[in-house]
**Student:** 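Here's a structure for you.
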Amino acid sequence: MLANLKIPAILFSSALLLSGCGGGGGGGSSENVASDTPVLVAADYRTTEYNTQYGLGKINADDIYADGYSGSGVVVGVIDTGVDIDHPDLVGNIASGGYDYVSGDTDASPTGQGAGMSHGTHVAGIIAGMKNSVGMHGVAYSAKILPLRAGDSSGSFASSAIENSIDRAISQNAKVINASFGGSSIATSLADKWKLAHTNDIITVHAAGNDGGANPLLGAQLPLHAGYTDLSSTLVAVVATNSSNVITSYSNRCGDAKNWCMAAPGDGIYSTVAVDDNNYAGNYGNMSGTSMADPHVAGAAAVLRGKWPSKNAAQIVTILYDTATDLGAAGIDDIYGRGLLNLDNALFAQGVLTISTASGAS
């Protein structure tokens with residue numbers, strides 16, 4: 001059965017004919033650095049790679065890198081049109097166990113060759129492009145991408161392929177799933193799979209869509225529906241901002257999903273594309289859309305899951321919300337929801353400080 005699902009009307013900087021997209025991360029995390037290793041500060045991470053992908057600066061990623069965390073040990077499932085697993089900026093950050101659930105398509109190769117793969121490849125680069133002094137790097141440059149192909153080269157997704165991809169992400173121990181697609185309806189069987197991801201302690205991140213509407217697409221709205229309200233603690237809807245931290249004209253707003261929605265950079269984002277995509281000069285290109293904002297949040301979730309592996313999905317999502325930069329109307333609002341993703345603020349766990357005292361102490 002085909003659900004009404006699609007890539008949310010991506011805006012491309014060049015004429016891409018689509019309807020929608022090392023060794024351990026080169027650079028890695030410094031969780032286990034030797035005591036005589038020079039201490040690096042945030043400014044040391046503002047490299048050419050970092051600055052080329054302006055979204056990293058907008059979410060203040062450099063401070064958490066300086067603290068030693070970049071997603072090491074975390075697997076992120078990317079359900080999309082495929083990922084070019086041979087891309088020189090991704091090849092070292094591809095997890096084993098990925099799968100292609102699309103058949104009979106000209107770009108059906110799991111290696112991800114062809115223009116149809118560029119959407120998923122672009123998303124993957126924003127999440128975990130390698131820190132290797134080449135091109136750009138991802139938010140969680142030490143995380144691993146689990147490529148799960150559920151969309152064909154035209155940007156159409158079958159419910160069954162998405163459902164199989166969610167099952168695969170669970171079996172391969174993914175801690176985050178990126179879903180840069182959506183639609184106006186959703187099959188009950190697919191909604192149940194998103195609920196299964198929730199019960200398996202996975203953070204799922206959903207693009208709000210690019211219709212300029214007041215509310216996001218499904219499944220970003222899924223927690224509104226009876227039987228799925230619990231998903232509001234682990235499902236994150238994402239709207240797109242530009243380089244001035246203003247909502248883009250094309251992005252759907254948080255609207256009725258505002259309590260589980262936040263903003264991230266999505267306009268003119270530079271990332272990886274399929275290596276033989278002739279629509280781009282080289283292996284990189286700019287794309288715009290909530291599909292590009294979405295992986296900023298997925299990558300940030302991976303970084304935080306690497307920093308606090310004992311915290312569950314709901315606790316990590318709460319940190320993302322509590323540390324976001326407030327935009328628009330004060331507090332949670334219909335445009336930006338919880339606010340703009342801010343990894344600098346998320347560096348420190350939030351909550352009430354409790355001090356234990358000896359028995360009888362006042």
Side-chain angles (χ1 to χ4, degrees), residues 6-21 49 52-56 59 76-91 93-94 98 107 111-130 134-141 143 145-155 157 176-182 205-207 209-210 238 240 242 248 250-251 264-300 302:
K6 60 181 181 179
I7 292 170
I10 303 300
L11 304 178
F12 294 96
S13 63
S14 60
L16 180 58
L17 301 176
L18 287 177
S19 64
C21 98
E49 284 178 280
T52 297
Q53 208 294 71
Y54 83 85
L56 297 174
I59 66 171
V76 180
V78 175
I79 303 177
D80 215 291
T81 61
V83 175
D84 187 341
I85 62 175
D86 295 320
H87 192 288
D89 231 353
L90 293 172
V91 63
N93 279 356
I94 301 298
D107 284 334
T111 61
Q113 304 301 311
M117 295 289 182
S118 280
H119 183 272
T121 302
H122 200 269
V123 166
I126 296 169
I127 296 171
M130 295 161 55
V134 175
M136 47 74 68
H137 72 69
V139 177
Y141 59 77
I145 294 294
L146 181 69
L148 299 163
R149 188 166 191 250
D152 65 20
S153 57
S154 71
F157 289 69
V176 182
I177 293 175
N178 188 93
S180 285
F181 54 85
V205 191
H206 298 253
N210 298 341
V238 185
N242 61 24
T248 64
Y250 52 79
S251 176
D267 197 55
I269 302 299
Y270 187 76
S271 184
T272 49
V273 296
V275 295
D276 65 351
D277 185 347
N278 294 327
N279 294 284
Y280 293 91
N283 300 329
Y284 303 87
N286 292 317
M287 295 187 190
S288 296
T290 56
S291 281
M292 283 64 250
D294 205 42
H296 282 84
V297 176

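Throughout, residue positions are numbered sequentially from 1 according to the sequence presented.
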**Student:** Is there a side chain to side chain contact (heavy atoms under 4.5 Å, CB included) between V238 and V205 once you walk through the steps?
**Tutor:** CA-CA 7 Å; V238 185; V205 191; 3.5 Å; yes
**Student:** For the side-chain contact (heavy atoms from CB on, under 4.5 Å) test, which of I145, L148, D294 pairs with N178?
**Tutor:** D294
**Student:** So, taking the atom named CE in M130 and the one named CD1 in I94, what distance separates them when rounded to the nearest 0.5 Å?
**Tutor:** 9.5 Å
**Student:** Could you pull out all residues at least two apart from A150 that satisfy side-chain contact (heavy atoms from CB on, under 4.5 Å)?
**Tutor:** I79, F157, A161, I162, S165
**Student:** So which heavy atom on A274 is nearest to which on M117, and how close?
**Tutor:** CB-CB, 4.3 Å
**Student:** Is R149 close to D80 at the side-chain level, that is, under 4.5 Å between some pair of heavy atoms?
**Tutor:** no
**Student:** Once side chain to side chain donor-acceptor pair (under 3.5 Å) is applied, do any residues pair with E49, and if so which ones, sequence neighbours excluded?
**Tutor:** none
**Student:** Find out whether Q53 and S271 are in side-chain contact, i.e. whether some heavy atom of one side chain is under 4.5 Å from a heavy atom of the other.
**Tutor:** no
**Student:** Determine whether the side chains of D267 and T248 contain a donor N or O and an acceptor N or O closer than 3.5 Å.
**Tutor:** no
**Student:** Taking all heavy atoms of T121 and all of H87, pick out the closest pair and write down the distance.
**Tutor:** CG2-CD2, 4.4 Å
**Student:** Given the rule in the side chain to side chain donor-acceptor pair (under 3.5 Å) test, do T272 and D89 qualify, once you have shown the distances and angles that lead to the verdict?
**Tutor:** CA-CA 7 Å; T272 49; D89 231 353; over 6 Å; no
**Student:** Excluding sequence neighbours, so at least two apart, what forms side-chain contact (heavy atoms from CB on, under 4.5 Å) with A179?
**Tutor:** F181, W194, H206
**Student:** Answer whether the closest heavy-atom distance between the side chains of N279 and S118 falls below 4.5 Å.
**Tutor:** no
**Student:** Rounded to the nearest 0.5 Å, what separation is found between the CG atom of D277 and the CG atom of D84?
**Tutor:** 10.0 Å
**Student:** Look at the side chain of N93 and the backbone N and O of Y141, then say whether any donor-acceptor pair between them is shorter than 3.5 Å.
**Tutor:** yes
**Student:** Is there side-chain contact between P295 and V76, with heavy atoms separated by less than 4.5 Å?
**Tutor:** no
**Student:** Shortest non-hydrogen contact from A302 to V176?
**Tutor:** N-CG2, 4.0 Å
**Student:** Applying ring-ring contact (aromatic ring centres under 6.0 Å, His included), can you list everything that pairs with Y270, at least two apart in sequence or on another chain?
**Tutor:** Y284
**Student:** Mind listing the closest non-hydrogen atom pair of M292 and I269 along with its distance?
**Tutor:** CB-CG1, 4.0 Å
**Student:** Short question: side chain of T290, backbone of A240 - any donor-acceptor pair under 3.5 Å?
**Tutor:** no
**Student:** Quick one: closest heavy-atom pair of G299 and A140, and the distance?
**Tutor:** O-CB, 3.5 Å
**Student:** Which heavy atom in M287 sits nearest to a heavy atom in V273, and how many Å separate them?
**Tutor:** CE-CG1, 4.0 Å
**Student:** Any heavy-atom pair between the side chains of L90 and I85 that's under 4.5 Å?
**Tutor:** no
